[in-house]
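Down below is the structure, laid out as structure tokens.
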Protein chains: 2
Amino acid sequence: MDKKELILSAAMKLFGIKGFEGTSVRDIAAEAGVNPAMISYYFGSKEKLLESLVEYKAAYMKGVFAELVDNKSLKPIEKLDIVIDRYINRIFEGPQFHHLLSRELSLERRYQMKDAIAEILLRNISSAKRIIQQGIDSGEFREVDTELTMTSILGTITYLLSSEIMCRKMLQKGKEFNPYQSKKLRERLSDHLKKMIRAHLELKDN
Amino acid sequence: MDKKELILSAAMKLFGIKGFEGTSVRDIAAEAGVNPAMISYYFGSKEKLLESLVEYKAAYMKGVFAELVDNKSLKPIEKLDIVIDRYINRIFEGPQFHHLLSRELSLERRYQMKDAIAEILLRNISSAKRIIQQGIDSGEFREVDTELTMTSILGTITYLLSSEIMCRKMLQKGKEFNPYQSKKLRERLSDHLKKMIRAHLELKDN
DNA sequence: AAAAATTAATTAAACGTTTGTTTAATTCAA
DNA sequence: TTGAATTAAACAAACGTTTAATTAATTTTT
């Protein structure tokens with residue numbers, strides 16, 4: 001792995017757990033095992049490093065749900081199940097990046113970057129919204145508020161995994177419980193969301 | 001208003017919008033119109049100011065739902081409606097404190113404070129969880145996952161209001177749309193949540 | 001009630017660190 | 001031999017906090 005990537009992954013880790021302002025370039029350099037000057041040398045500045053990081057990571061998230069929308073062999077409710085599971089898996093696998101994004105979004109700073117982040121997140125959300133709309137149009141779903149239904153799906157996952165301590169207390173677990181490594185929790189969350197979304201969307205006279 | 005309170009409300013505002021590490025004591029002093037030294041004088045340190053702030057604000061949130069649990073004249077579903085509306089109103093009225101809390105919770109720092117914050121939030125959540133359990137016990141609700149059902153309620157509200165820009169894009173609104181001052185959005189959110197929770201909790205053969 | 005003494009509040013300035021970044025010299029690779 | 005990569009050192013600026021001096025308020029003494 002070249003030094004540029006070492007810096008990026010060190011920054012990812014530290015920004016994720018200590019926040020942008022809470023992480024110094026010397027922290028990042030030490031974590032990456034490089035000289036602090038290399039950060040300015042490669043990225044220009046700490047802030048541009050953050051921008052590079054978001055750009056770099058965003059590439060992995062491009063249009064994950066796009067092909068799902070046009071799939072003709074799956075029913076809308078089955079598509080939504082896939083959306084839910086993919087989203088859960090993504091956050092379970094790398095919660096740090098997700099924490100970084102939501103923290104940046106909630107700060108009144110770096111507006112240009114916030115806009116870029118919002119665009120990244122929305123790219124997938126709008127695909128999922130279209131799936132719900134498909135179900136409504138075909139008469140399989142009730143005429144729900146598509147935007148807020150998506151909000152509920154994402155919000156449930158995000159809120160549960162926004163902090164380990166909160167998750168533990170919420171679920172009444174001990175200190176030995178690690179939310180992000182619990183396969184049981186993944187399934188429990190997936191199960192809850194799918195059931196709730198079904199009850200919410202499916203017509204009563206089914 | 002005495003200077004101690006001026007400092008507290010200035011800190012509340014700035015920590016809320018710029019974050020703890022992103023706000024300097026000089027920023028706070030300027031916003032409050034006091035000398036920077038007054039912060040050390042009254043609170044000891046910047047970190048203790050944050051602790052005082054959480055303690056100060058937490059007093060207003062003490063056991064808001066406690067009396068609701070024991071209320072005999074309301075049905076569980078009606079109680080939940082009240083929980084939803086109170087929670088929505090609280091965040092709409094003062095989103096900054098809520099942002100501060102969730103940001104602090106997601107950082108791997110100040111663990112003692114995180115624990116205190118989690119306890120504050122959980123106090124009300126456990127009351128609401130008991131309401132759902134009442135409904136299950138009385139046979140009015142399905143046997144759902146009470147913890148994750150609460151997570152969905154709180155997560156929906158939190159996610160929608162976690163950032164203005166994300167909210168606008170999610171709802172496809174223009175720049176003139178101010179989520180926190182939109183009475184329409186409050187009602188739309190309340191309506192969506194109540195409907196979804198009803199579909200999720202109420203027995204099919206009702 | 002007035003004066004004196006004591007405590008509290010407030011200030012500007014300075015403290016030592018840490019911050020992000022740059023420089024200038026050096027090592028490395030092509 | 002040229003250009004890129006890497007380094008240690010230095011930079012000014014900003015940071016949280018402390019100091020020492022001054023003003024304001026309160027209490028005690030006369």
Side-chain angles (χ1 to χ4, degrees), chain A residues 1-57 96 100 103-104 107-114 116-117, chain B residues 1-56 96 100 103-104 107-114 116:
Chain A
M1 193 154 48
D2 72 341
K3 300 216 168 181
K4 222 172 163 178
E5 282 181 16
L6 281 173
I7 293 170
L8 279 170
S9 77
M12 177 68 271
K13 177 178 175 186
L14 295 180
F15 288 163
I17 66 182
K18 305 207 295 178
F20 178 74
E21 342 274 349
T23 305
S24 73
V25 299
R26 284 170 180 82
D27 287 340
I28 300 168
E31 175 78 28
V34 303
N35 189 285
M38 298 304 286
I39 288 164
S40 291
Y41 179 74
Y42 277 123
F43 299 95
S45 70
K46 186 189 175 188
E47 191 150 334
K48 282 181 187 165
L49 166 59
L50 175 61
E51 289 169 22
S52 300
L53 181 57
V54 170
E55 203 178 338
Y56 177 78
K57 275 276 184 178
Q96 288 158 350
L100 173 61
R103 218 179 293 126
E104 279 299 312
L107 292 173
E108 293 296 316
R109 308 196 131 197
R110 300 183 278 275
Y111 292 99
Q112 205 181 333
M113 153 149 305
K114 283 177 65 174
I117 292 174
Chain B
M1 193 153 50
D2 73 341
K3 301 216 166 181
K4 224 173 163 178
E5 283 181 15
L6 282 173
I7 293 170
L8 279 170
S9 74
M12 176 69 271
K13 176 179 174 184
L14 295 179
F15 288 163
I17 65 182
K18 305 209 293 179
F20 179 74
E21 341 274 347
T23 305
S24 73
V25 300
R26 284 171 180 84
D27 286 341
I28 301 168
E31 175 77 30
V34 304
N35 189 285
M38 299 303 287
I39 288 164
S40 292
Y41 179 74
Y42 276 123
F43 299 95
S45 70
K46 185 190 175 187
E47 191 151 334
K48 281 181 187 166
L49 167 59
L50 175 61
E51 289 170 23
S52 300
L53 181 56
V54 171
E55 203 178 337
Y56 177 78
Q96 288 157 351
L100 174 61
R103 218 178 293 127
E104 279 300 311
L107 292 172
E108 293 296 315
R109 308 196 131 198
R110 300 183 279 275
Y111 292 98
Q112 205 180 333
M113 155 149 305
K114 282 177 67 173

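Chain A is the first sequence line, chain B the second, and so forth, proteins listed ahead of strands; every chain is numbered from 1.
Considering only heavy atoms from C-beta on, A/I7 comes within 4.5 Å of A/I28 through its side chain. In this structure, B/L8 and B/L49 have side chains that are in contact, with non-hydrogen atoms separated by less than 4.5 Å. Using a 4.5 Å cut-off on side-chain heavy atoms (C-beta onward), A/Q112 and A/E51 make no contact. Taking 4.5 Å as the limit, some side-chain heavy atom of B/F15 sits within range of a side-chain heavy atom of B/K46.
Residue A/F43 is out of contact with every strand shown, counting any heavy-atom pair closer than 4.0 Å.
Rounded to 10 degrees, the angle between the two end axes of the helix from C/dA1-D/dT30 to C/dA30-D/dT1 is 10°, with five pairs used at each end.
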With salt bridge (charged side-chain N to carboxylate O under 4.0 Å, His left out) as the test, would you mind laying out the steps for B/E104 and B/K114 before giving the verdict? CA-CA 7 Å; B/E104 279 300 311; B/K114 282 177 67 173; over 6 Å; no

Show the numbers, then the answer: is there a salt bridge (charged side-chain N to carboxylate O under 4.0 Å, His left out) between B/K18 and A/E108? CA-CA 6 Å; B/K18 305 209 293 179; A/E108 293 296 316; over 6 Å; no

Pair A/E31, A/K13 - check salt bridge (charged side-chain N to carboxylate O under 4.0 Å, His left out), show working. CA-CA 9 Å; A/E31 175 78 28; A/K13 177 178 175 186; 3.1 Å; yes

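Counting only heavy atoms from C-beta on, B/A37 has its side chain closest to C/dT11 among C/dT11, D/dT7, D/dG16. For B/S40, taking side-chain heavy atoms from C-beta onward, the closest of the listed nucleotides C/dT22, D/dT18, C/dT11 is D/dT18.
Spacing between atom CG of B/N35 and atom P of D/dT17 amounts to 14 Å, rounded to whole angstrom units. Atom P of nucleotide D/dT7 and atom CE of A/M38 are separated by 7 Å, given to the nearest angstrom. Spacing between atom CD1 of B/I39 and atom P of C/dT10 amounts to 13 Å, rounded to whole angstrom units. Distance, A/Y42 OH to D/dA4 P: 12 Å, rounded to whole Å.
In terms of phosphate contacts, A/Y41 brings a side-chain nitrogen or oxygen within less than 4.0 Å of OP1 or OP2 of D/dA5.
For the contact set between residues 2-34 of chain A and DNA chain C, defined by any heavy atom under 4.0 Å, the members are A/T23, A/S24, A/V25, A/R26.
To the nearest 0.5 Å, the span separating CG on B/L100 from CE on B/M12 amounts to 4.5 Å.
At most 12 non-hydrogen atoms from other residues, nucleotides or ligands lie less than 6.0 angstrom from CD of A/E55.
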